[in-house]
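Quick note: residue numbers are just sequence positions, from 1. In this text, all values refer to a predicted model and were calculated from it rather than measured experimentally.
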Amino acid sequence: MSSIDSKPRVALFVTCLVDLFRPSVGFATLKLLEDAGCVVSVPEAQVCCGQPAYNSGDRKDTVAIARQVIEAFEDYDYVVAPSGSCGGMIKDHYPALFAAEPDWQRRAEDLSARMFELTSFLVDVLKADPVAAKLEAKVTYHDSCSGLRELGVKAQPRALLGSVEGVELVEMQTPETCCGFGGTFCVKYGEVSTDIVTRKTADIAGTGADMLLAGDMGCLLNMAGRLKREGSSIQVRHVAEVLAGMTDMPAIGESK
């Protein structure tokens, strides 16, 4: 067996929001995985995980999407996403979609067992706590709902940030409280969503942090938008960008 064959074969699930709004997160994820010794592929046939349809009650389209995702990510040792939301959809909800189809349920369960959120994969699977990045910044971290409650992502990003030279992590009073995004929730219940995110940005500002980090683009876009409307100077970035040492480009919501 060659040395490359002995490395974990990892498929990167890019996610829609990373692809469309923040490709740098995908490149940062790729760098982190390769630096940790993985052979990474990005299957061209991948599509949305189906969560928007699922949360809207459209089970027919969700199942059709899930079938395509399952087929696209077979034959890899692991599948990794820079998103607890998409990771949670695939890992926690896919198997139940095929309760009446044993063969597809087996395939969904197989994918579920190989599916990981990025920081969880680096820490829990690869045991790769230290990173080589440097950044002089005071940061605070938001625990996204799906990553925290469906996948148990809490200590892992903090462990990795603890190895970034120059980073000081200051906690919010309510890091586990929802930011108000909730996918279609923020569209259906705009006033409630705005109230929730306004409470969140006040908590963020109260930390005195220079930078807000999280592991889900939906949350980050929502909080960045509110902070910008409030005139805040706090930068907003995906945690992968900091861990990979890729913070040269403008933060989320900043002009080029």
Side-chain angles (χ1 to χ4, degrees), residues 10 12-15 17-19 21-36 38 40 80-88 116-172 175-179 181 200 203-204 207 209-224 227 234-254:
V10 175
L12 172 57
F13 188 88
V14 177
T15 84
L17 293 182
V18 168
D19 182 36
F21 293 99
R22 196 72 174 176
S24 59
V25 174
F27 291 114
T29 301
L30 177 65
K31 181 180 185 300
L32 287 166
L33 292 171
E34 289 184 338
D35 287 351
C38 301
V40 186
V80 175
S83 165
S85 179
C86 299
F116 291 90
E117 181 272 342
L118 172 63
T119 62
S120 174
F121 182 69
L122 291 172
V123 173
D124 300 331
V125 178
L126 298 183
K127 313 298 182 185
D129 286 6
V131 294
K134 298 179 181 180
L135 180 67
E136 293 294 331
K138 181 184 289 187
V139 307
T140 192
Y141 192 88
H142 165 72
D143 296 299
S144 301
C145 293
S146 294
L148 175 67
R149 295 170 176 84
E150 293 183 337
L151 302 179
V153 177
K154 174 74 174 181
Q156 301 93 326
R158 289 168 172 83
L160 293 166
L161 286 169
S163 68
V164 178
E165 184 178 340
V167 162
E168 177 188 355
L169 175 64
V170 288
E171 295 286 1
M172 297 176 227
E176 298 183 357
T177 299
C178 178
C179 74
F181 177 65
K200 191 74 184 186
D203 194 1
I204 293 164
T207 66
D210 311 309
M211 187 179 297
L212 168 65
L213 304 176
D216 267 279
M217 279 302 303
C219 303
L220 288 164
L221 289 168
N222 187 45
M223 293 183 291
L227 286 166
I234 297 172
Q235 288 193 7
V236 180
R237 294 187 183 275
H238 193 286
V239 66
E241 295 175 311
V242 170
L243 297 176
M246 297 172 62
T247 56
D248 292 338
M249 70 177 298
I252 296 168
E254 292 183 351

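The CG atom of N222 sits 4.5 Å away from the SG atom of C179 when rounded to the nearest 0.5 Å. Distance check: K154 NZ to T119 OG1 gives 12.0 Å after rounding to the nearest 0.5 Å. A distance of 10.0 Å separates CZ in R22 from NE2 in H238, rounded to the nearest 0.5 Å. One finds the CG atom of D143 at 7.5 Å from the CD atom of E171 (value rounded to the nearest 0.5 Å). Note that CD of E241 is 6.5 Å distant from CE of M249, once rounded to the nearest 0.5 Å. Here L213 contributes atom CG and L220 contributes atom CG; the two are 8.0 Å apart, rounded to the nearest 0.5 Å.
Nearest approach of C219 to F181, heavy atoms of both residues: N-CD2, 4.2 Å. Shown here for A244 and A133, the closest heavy-atom pair between the two residues is C-CB, 4.5 Å. Nearest approach of I234 to L212, heavy atoms of both residues: CG2-N, 3.8 Å. In this structure, T15 and S83 approach most closely via the heavy-atom pair CG2-CB, 3.8 Å.
The closest donor-acceptor contact from the side chain of K200 to the backbone of C178 lies at 3.5 Å or more, if one exists at all. Distance alone, capped at 3.5 Å, places no donor-acceptor pair between the T247 side chain and the V242 backbone. A donor-acceptor pair is defined here as one N or O able to donate and one able to accept, closer than 3.5 Å; such a pair exists between the side chain of T140 and the backbone of V170.
For residues 118-139, every residue pair satisfying the ring pair (Phe, Tyr, Trp, His ring centres under 6.0 Å) rule, not counting sequence neighbours, is listed here: Y78-F121, F116-F121.
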Exercise. Would E117 and D124 count as a side-chain contact (heavy atoms from CB on, under 4.5 Å) if you check the C-alpha gap in whole Å, the side-chain angles of each, and the deciding distance to 0.1 Å?
Worked result: CA-CA 10 Å; E117 181 272 342; D124 300 331; over 6 Å; no
For this session: Check step by step if side-chain contact (heavy atoms from CB on, under 4.5 Å) holds for L160 and V164.
Result: CA-CA 7 Å; L160 293 166; V164 178; over 6 Å; no
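Here D210 pairs with nothing under the salt bridge (charged side-chain N to carboxylate O under 4.0 Å, His left out) rule; sequence neighbours left out.
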